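Accompanying notes for the structure given below.
Counting starts at 1 for both ligands and their atoms, in listed order. All of these numbers come straight from a predicted model, not from anything done at the bench.
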Amino acid sequence: MFDEIKFNRVDNLPKYVFAEINDIKIKLKKEGQEVIDFSMGNPDGDTPEHIVDALVKSARTSGTHGYSPSQGIPEVLDAIASWYKRRYGVTLDTKTQTIATIGSKDGYSHMAYAITNPGDVAVVPTPTYPIHAYSFILAGGVVEDLKLVFDEHYNIDEDKFFEDLENIFKFAHVKPKYVLVNFPHNPTSATVTSDFYVRLVAMAKRERFYIISDIAYGDISFGGYKTPSIMEVDGALDVAVESFTLSKSYNMAGWRIGFFVGNKKLIGALTKLKSWLDYGMFTPIQVAAATALNGSIDCVNEITEKYNHRQDKFIEEFEKIGWNIKRNKASMFIWTKIPQCVQHLGSLEFSKKLLSEEGVAMSPGVGFGHDGEGWVRIALIEDDERIAKAALKVQKFLKQYEDGDK
Ligand SMILES: Cc1ncc(COP(=O)(O)O)c(C=O)c1O
């Protein structure tokens, strides 16, 4: 009915590639089959007890059940500012330079909605966490891809990044207004040095663009690598905002709380838009988030160590079956090329077949854009025993291709 009535915005969205994997997962689970699931960056652990206790205590306190300010309660904004001060030595004005968001994904969609005029160009490195690009596209903007180049240890080739970015500006019909960066990077886990941000801030001032930086995996780094923040760079507050989330390193993905900090004009735009669209999150969630950010980082270290250990375990078990993977320095993911014998399938077909036939779920690289074709992203959300079991299932799956049966 009413076929002439179209919804251009959603009609023009491509099919969400990961939905195909999810559909198979749901079907297998319905049939009672086991799924070893490496597909989603959805931490498997529980939120640390002291954070849950803070939520419960606040929920039992009178006066916490009504609407809360859409920018965030003062307690959580103070905690965000203290976190930046302690961690990165950066001073933020809570009223104008911080905002709590309903997860950082909400922050991205609303930030882009707030700041994008029709036809505005945003540069987004590829492959990419889909909302980084689609937030701008949904808001009426245009995305210019910048292909990420990194070495076998997942270090970004920073010179190449700037060479490509300079070229985009040199040849652009419409000069980009925004450059989005996300390191440690989802899906590739690639990292940058702090010098990268010094160069990026300098270039932003010269070419007159804003930077949006996502450090969702900033806590999860290994072997002495510490995730730098763009906010550490002198003058960054003039040109940049940065987001973080409690989803990953505090096991709080279902709670939906993250935040943005930085440039007053961008934070102001998001704050104004959200004051029209949202009320604040349930106060006890914000109180608990403040407890997390102000509290001991022992729980974060424990969670980080778990991912560190699982990465070793995954590499070890998969090496035994001939799938060689190099170590990365950060994030909860492994980004790896699918073996040669199944390259012809492409990453989506490979992931669908592996899941349907052996019950092992991985995210197809093509879901992160065409530059992800031929790769898969593995989220380290299964324990040692299931990692070892998955390796044997993958071995069985690959054997039919190695033997030339298919
Ligand atoms: C790079 C990156 N940014 C942001 C998010 C969104 O996190 P949340 O909305 O849970 O804060 C994710 C989730 O996977 C992510 O990988």
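With ligand atoms numbered from 1 in the order given, ligand 1 contributes 8 (P), 10 (O), 11 (O) to contacts under 4.0 Å with heavy atoms of Thr245. Near Asn182, the atoms of ligand 1 lying under 4.0 angstrom from a non-hydrogen atom of the residue are 1 (C). Each of the following atoms of ligand 1 lies closer than 4.0 Å to a heavy atom of Asp214: 1 (C), 2 (C), 3 (N), 4 (C). Every atom of ligand 1 is numbered from 1 in the order shown, and the set under 4.0 Å from a heavy atom of Asn186 is 1 (C), 15 (C), 16 (O).
A distance of 6.0 Å or more separates the ring centres of Trp375 and Phe368. Outside the 6.0 Å centre-distance limit, the rings of Phe38 and Phe333 are not counted as a close aromatic pair. Under the 6.0 Å cut-off for aromatic ring centres, Phe162 and Phe196 qualify, their centroids lying closer than that.
Note: an N/O pair closer than 3.5 Å links Ser247 and ligand 1 by distance alone. Remark: ligand 1 and Arg256 share an N or O pair separated by less than 3.5 Å (distance only, no angle test). The shortest N/O to N/O separation between Tyr217 and ligand 1 falls below 3.5 Å.
In terms of protein heavy atoms, atom 6 (C) of ligand 1 is closest to Tyr129 OH, 3.3 Å. What sits closest to atom 7 (O) of ligand 1 on the protein, heavy atoms only, is Ser104 OG, 3.3 Å.
Using a non-hydrogen distance threshold of 4.0 Å, Lys248 registers as a contact of ligand 1. Heavy atoms of His185 stay at 4.0 angstrom or farther from ligand 1. Heavy atoms of Gly103 approach ligand 1 to within less than 4.0 angstrom.
Using modelled atom types, one finds no donor on one side chain facing an acceptor on the other under 3.5 Å when comparing Ser194 with Glu232.
Between Tyr178 and Phe136, the ring planes lie parallel to each other; the angle is under 30°, not in the 30° to 60° tilted range. Ring pair His132/Tyr129 is perpendicular by interplanar angle, where above 60° counts as perpendicular and below 30° as parallel. Taking the six-membered ring for Trp and thresholds of 30 and 60 degrees, Tyr113 and His110 have ring planes inclined between 30 and 60 degrees apart.
Salt bridge Asp44/Lys306: present, at least one basic N to carboxylate O contact under 4.0 Å.
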